[in-house]
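Single-structure report; data block below.
FYI, side chains are in, hydrogens and waters are out, and symmetry mates aren't considered; it's all heavy atoms of this structure. Residue numbers start at 1 and run along the sequence shown.
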Amino acid sequence: MRVQTDKTKLHTKCVEYEDNSKCITKIRQYLIINKGKAVGIAANQLFMNNRVFGIWYNNKIMIFENPEIIAYSGDDLQDSTEGCMSIKNGKKPYHLKRPRQVVIKNGKEEYTFNDYYATVICHEMDHLNGKLISD
């Protein structure tokens, strides 16, 4: 399954939809096929503009539909080395500063992620907002 590499399209902000079922199916398929290679994937990386992403967390796939980060540790940043499946198939490392903790709202549920997974959530949320780690 190919991923989007056109930066013009990846810089486009994703849109909220009520029905994301086809998008969710495609995200699940991608994550299953690429288990061990990709921790997360956003819809725009799979040629869709839905505001949806999925991640592997505790050996299960979590899907986030129309998510919103509602809190993060603004002063407590961690060094992060990240790759991106849309940039050289994840093989080029980028060094960033990311929050150590984020709270994300997914529907009516709120989830808190720390350290590594806080980075993963921020990375995927950046995709939904049209931002790349290479920016």
Side-chain angles (χ1 to χ4, degrees):
M1 193 177 281
R2 290 182 338 111
V3 295
Q4 178 66 264
T5 57
D6 181 339
K7 286 188 177 184
T8 303
K9 296 200 188 305
L10 291 167
H11 281 123
T12 302
K13 194 171 182 179
C14 293
V15 179
E16 289 189 11
Y17 290 101
E18 286 187 33
D19 182 8
N20 294 298
S21 54
K22 289 181 184 177
C23 179
I24 290 168
T25 298
K26 198 169 182 180
I27 286 172
R28 282 186 190 282
Q29 288 173 341
Y30 181 86
L31 288 172
I32 289 167
I33 291 168
N34 291 284
K35 187 175 185 181
K37 184 177 178 185
V39 177
I41 197 79
N44 60 350
Q45 292 180 273
L46 298 177
F47 304 91
M48 300 171 287
N49 69 339
N50 303 60
R51 194 164 176 80
V52 178
F53 71 85
I55 65 168
W56 281 106
Y57 181 72
N58 287 339
N59 211 30
K60 293 180 184 167
I61 295 174
M62 289 185 77
I63 301 292
F64 295 84
E65 292 183 74
N66 305 319
E68 174 187 0
I69 291 179
I70 57 174
Y72 62 93
S73 58
D75 293 336
D76 190 17
L77 298 177
Q78 61 181 326
D79 291 320
S80 173
T81 301
E82 304 172 32
C84 180
M85 300 308 289
S86 290
I87 304 170
K88 298 193 184 287
N89 206 25
K91 292 183 170 89
K92 182 174 181 183
Y94 289 86
H95 304 284
L96 301 120
K97 297 273 190 191
R98 296 281 194 186
R100 286 196 181 278
Q101 183 179 77
V102 295
V103 180
I104 187 169
K105 186 173 182 185
N106 186 42
K108 294 180 181 180
E109 300 288 325
E110 290 181 12
Y111 300 93
T112 300
F113 292 95
N114 296 297
D115 303 318
Y116 175 75
Y117 285 103
T119 293
V120 172
I121 295 296
C122 288
H123 180 105
E124 299 308 331
M125 285 297 293
D126 280 353
H127 275 298
L128 299 186
N129 292 321
K131 187 176 177 184
L132 295 171
I133 57 175
S134 58
D135 291 345

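- Contacts of Asn50 classified as side-chain hydrogen bond (donor to acceptor under 3.5 Å, both in side chains), with partners at least two apart in sequence or in another chain: Asn20.
- Residues satisfying the side-chain contact (heavy atoms from CB on, under 4.5 Å) criterion with Asp79, sequence neighbours excluded, are Lys97.
- Taking the side chain as every heavy atom from C-beta outward, Phe53 and Gln45 never approach each other to under 4.5 Å.
- Applying the side-chain contact (heavy atoms from CB on, under 4.5 Å) test to Tyr72 and every residue at least two apart in sequence or in another chain returns Ile69, Pro99, Val102.
- Judged as a side-chain hydrogen bond (donor to acceptor under 3.5 Å, both in side chains), and not counting sequence neighbours, Lys105 has no contacts.
- The side-chain contact (heavy atoms from CB on, under 4.5 Å) check on Thr81 picks up Pro93, His95, with sequence neighbours excluded.
- The side-chain hydrogen bond (donor to acceptor under 3.5 Å, both in side chains) search around Tyr17 returns Asn49, not counting sequence neighbours.
- With side-chain heavy atoms closer than 4.5 Å counting as contact, directly or through intermediates, the hydrophobic cluster containing Ile70 also holds Val103.
- With sequence neighbours left out, the side-chain hydrogen bond (donor to acceptor under 3.5 Å, both in side chains) criterion links Arg28 to no other residue.
- Within the structure, side chain to side chain donor-acceptor pair (under 3.5 Å) contacts touching residues 114-126 (residues at least two apart or in different chains) are Gln78-Thr119, Glu82-His123, Arg98-Asp126, Gln101-Asn114, His123-His127.
- With sequence neighbours left out, Asp135 forms a salt bridge (Lys or Arg N to Asp or Glu O under 4.0 Å) with no residue at all.
- For residues 42-65, no pair satisfies salt bridge (Lys or Arg N to Asp or Glu O under 4.0 Å), with sequence neighbours left out.
- Annotation: side-chain contact (heavy atoms from CB on, under 4.5 Å) contacts of Lys108 (sequence neighbours excluded): none.
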